[in-house]
Amino acid sequence: MTHLELMKDVNFVGYIDFEVRNFHGYSTHKGSSYNAYIVKSGNKTVLIDTVKRPYFEYYLKNIKDVCDPKEIDYLIINHVEMDHSGSFPLLLKHLPNAEIIASTRGVDNLRLHFHEEVESEVFDKIRAVKEGDTLDIGNGKKFAFVPIPMIHWPDSMVSFMIDENGKNILFSNDAFGQHLATSMRWDDENDISEIMWEAEKYYANILLHLSGLIAKVLPKVGALPIDIICPSHGVCWRTHIGKIVEAYKKWSAGEIDGKSVLIVYDTMWGSTEKIAKELFKEISHRGITVKRFRLTNADYSDVITEAMKAKAILVGSPTLNNGLYPLVAEYLSYQRGLKPMNKIGMAFGSYGWGGGAVKEIIKELKTTGIDVLDEKIELKFVPRPEDLDFKSIIDKLVEKMG
Ligand code: FEO
């Protein structure tokens, strides 16, 4: 047994990235990992996925700690995004005997990514698999390939290994992942609330806008007799599989627990913040959960995670140059791309003379598909105490929340 063994015949050969703090715009406060696995059956050896290119040498060393790379019979590429395929061109010369397997779209995307470094005939020889295709590696172990387009890219697939003599493992790639660096590879070896928060943040920042497609694919994945899920980021699931699959069902359906409100805003000279604080007070006095984030001090990857969970999103901005304050514009653009579902929205803000920010917020919220309250709050310069009476507007918000 090596330090890389997850269980008999299954090894982790990826890279745990404690350094990364930004993953294509998503804040990864706790790092991430690029998981790759080697499965042996006695007859055959299978390598699943590669890692981000800067970590190729670590990955190759891990592979060599598990087996002679020449013994690898198959390389499965579940997804072509560079965090999983980046080492592909560097790896090829070490795997002279491996057949490469990818989805049909995966073959196309490998070619489109690595045509400058890899000979065309390598792509020509890749086995393109579709739903229902299998790979028998002997001794009761058999892979079934299931395309899961748009979780996370059109080329994505999962590889499900049935083991007649052991555990059935779903190598799920991006699905069920978390951006979390930890030396402990299993869910039950870590704090489950931390893992679930990171899984939720991952869903909100990466998969949320794909929820319609995910909801369609989930029953197919959920029907598999899964004992273990090995994703491509974060820890593997063996104890809390039901919890993460149920969470994906809930998130992809846009289900929300009860009434809760998110207030997100920025402020220039404090007036918009006065409104935000008064809204917070009025809502929390009614016993409704409410969270308040000033964007100057908040991270929008965290804020969008809260937005996914909230029933109502109240967005505030002062007017700057007849439009939105920059961080509010940035957040709204991020939110528009991710399309949180089943939300009620409301706009508020302050202005000096012409206004404009509140109108822009309403436009952005509507474009995002949020059901915007007819009422809005738009106050000139510094609000007077009597301007800050929001009882009736919050009554309407609460009524709309149901
Ligand atoms: Fe972790 Fe879509 O790559």
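Numbering of residues begins at 1 and proceeds along the displayed sequence. Whatever order the structure lists ligands and atoms in, that order sets their numbers, starting from 1. Reckoned from all heavy atoms, side chains included, excluding hydrogens, waters and symmetry mates.
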Of all N, O or S atoms in H79, the one closest to atom 2 (Fe) of ligand 1 is NE2
For the pair Y15 and Y34, name the ring-plane relationship: parallel under 30°, tilted 30 to 60°, perpendicular over 60°. parallel
Starting from atom 2 (Fe) of ligand 1, look over the N/O/S atoms of E81 and name the nearest one. OE1
What is the name of the N/O/S atom in D83 that sits closest to atom 1 (Fe) of ligand 1? OD2
Indicate whether the side chain of N173 and that of D49 have a donor and an acceptor atom separated by less than 3.5 Å. yes
N/O/S atom name from H233 that is nearest to the position of atom 1 (Fe) of ligand 1: NE2
Presence of N, O or S from H152 under 2.8 Å of atom 1 (Fe) of ligand 1: no
Residues D187 and K243 bridged, charged N to O under 4.0 Å: no
Under 4.0 Å between a side-chain nitrogen and a carboxylate oxygen: does that hold for D371 and K343? no
Taking the six-membered ring of F123 as reference, does the cationic atom of R111 (NZ for Lys, CZ for Arg) lie under 6.0 Å from its centre and within 45° of its axis? no
Which of the N/O/S atoms in D174 sits closest to atom 1 (Fe) of ligand 1? OD1
